[in-house]
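Letters go in sequence order (proteins before strands), and every chain restarts at 1.
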Number of protein chains: 2
Amino acid sequence: MSTNAKAKEVVPLCSKFQWAFTLLGRPWTGMIVRALLSGPKRSKEILESIPSISSRVLHQRLSELEDAGIVQRTIYQEKPVRVEYGLTEMGRTLGPAMDEIQKWADRWCNE
Amino acid sequence: MSTNAKAKEVVPLCSKFQWAFTLLGRPWTGMIVRALLSGPKRSKEILESIPSISSRVLHQRLSELEDAGIVQRTIYQEKPVRVEYGLTEMGRTLGPAMDEIQKWADRWCNE
DNA sequence: TTATTCAGTTACTTTTCGTAACCCATGCAC
DNA sequence: GTGCATGGGTTACGAAAAGTAACTGAATAA
């Protein structure tokens, strides 16, 4: 090492990683993404597949994810209008990360 | 399909996945784990490597992670006592998941 | 003796969350 | 029409969690 290194160099956490976890690390976000990885869903379906999430927070998270470019909201002009939430390319590429978390959960969650 | 399936079967989200994201999906948790993946650290070092986390929340998260079995707190009885936080086996196996999130962040975070 | 460092807590303010009720447009049965 | 149900979403409000910053306490260095 040529530099005059002192006791301990503090390596700051990667700011892109921070950005990612600021998005994903809020209540319900991971579960919403996970639910949408199997295909677009109506808000009512998401509410049913994630037992204890509330309508208020679901819609809040969905619009944050939409702003971030992870989720796309589509309105189908049918007889009763139908609204679906699906993942964008950006959202779908979270698949491998979610799969790793699933693997970890399967290994360590005892219940 | 032999069962008399109605309009849409709602597939509930895996409860183990929910358990995992209930742990990881709170402010700062992912970043703390990420910081510890490179080796045990003192709380002061973690504070410096994660710019805007507060001491209060860091210690709160660390004790939650300790309770969950992800982090181990070690006290070294040196002249001035030294306390280090490191990952357990359970914590270290989060590495692949964190790596996937890092990859995703590198790909999609533009800054 | 005074000052500094590290680990952690406390007091207080601001956000966010959970619960539950509500709004509104459409569809349908009567 | 009137009444009721459904889907999508918002509002109100109390409870919990996070941010900020100051503080304790032990132990060491000046």
- request: Just compare dG19(D), dG7(D), dC17(C) and give me whichever is closest to any side-chain atom of R61(A).
  value: dC17(C)
query: Given dC17(C), is OP1 or OP2 found less than 4.0 Å from the side-chain N or O atoms of Q60(A)?
result: yes
field: Under 3.5 Å donor-acceptor, W28(A) side chain and S54(A) backbone
entry: no
- prompt: Atom NZ of K41(A) to atom P of dG7(D): distance rounded to whole Å?
  reply: 16 Å
message: I'd like to know whether R82(A) forms a side chain to side chain donor-acceptor pair (under 3.5 Å) with Q77(A), so could you lay out the CA-CA distance, the side-chain angles of the two residues, the decisive distance to 0.1 Å, and finally the verdict.
response: CA-CA 7 Å; R82(A) 184 163 55 95; Q77(A) 294 295 349; over 6 Å; no
All N/O contacts under 3.5 Å from nucleotides 8-14 of chain C to the protein, with atom names and distances to one decimal?
| unit_1 | atom_1 | unit_2 | atom_2 | d |
| --- | --- | --- | --- | --- |
| dG8(C) | OP1 | R73(B) | NE | 2.9 |
| dG8(C) | OP1 | R73(B) | NH2 | 2.2 |
| dG8(C) | OP1 | Y85(B) | OH | 3.4 |
| dG8(C) | OP2 | Y85(B) | OH | 2.4 |
| dG8(C) | N7 | S55(B) | OG | 3.4 |

field: Nearest-Å distance for atom pair CD1/C1', residues I53(B) and dA21(D)
entry: 16 Å
- prompt: Expressed in angstrom and rounded to an integer, what is the separation of E48(B) atom CD from dC6(C) atom P?
  reply: 8 Å
query: Rounded to whole angstroms, how far apart are CZ on R26(B) and P on dA17(D)?
result: 7 Å
task: Find the distance L58(A):CG to dG7(D):C1' and express it as a whole number of Å.
output: 13 Å
Pairing residues for F21(A) by the ring pair (Phe, Tyr, Trp, His ring centres under 6.0 Å) criterion, not counting sequence neighbours: F17(A)
statement: Closest of dC6(C), dA18(D), dG7(D) to the K44(B) side chain is dC6(C)
- prompt: Roughly how many Å is it from CD in E66(A) to P in dG8(D), rounded to a whole number?
  reply: 14 Å
Protein N or O to nucleotides 24-30 of chain D N or O, pairs below 3.5 Å:
none

Length of the line joining E78(A):CD and dG8(D):P, which is rounded to integer Å: 11 Å
- prompt: Distance-only, no hydrogens or angles: does the T29(B) side chain make a donor-acceptor pair with backbone N or O of G25(B) under 3.5 Å?
  reply: no
- request: May I ask you to check whether over 12 heavy atoms, not counting those of Q60(B), lie within 6.0 Å of atom CD?
  value: yes
- request: Please state how far atom CG in L47(B) lies from atom C1' in dG19(D), giving the value in whole angstrom units.
  value: 14 Å
message: With a cut-off of less than 4.0 Å, is there a side-chain N or O of W28(B) near OP1 or OP2 of dG19(D)?
response: yes
task: Rounded to the nearest 0.5 Å, what's the gap from CG on L58(A) to CG on L65(A)? Could you check?
output: 9.5 Å
query: More than 12 heavy atoms of other residues, nucleotides or ligands under 6.0 Å from CD of E64(A): is that the case?
result: yes
message: Between R92(A) and E89(A), does any side-chain N to carboxylate O distance fall below 4.0 Å?
response: yes
Backbone N/O of L62(B) and side chain of R73(B): donor-acceptor pair under 3.5 Å: no
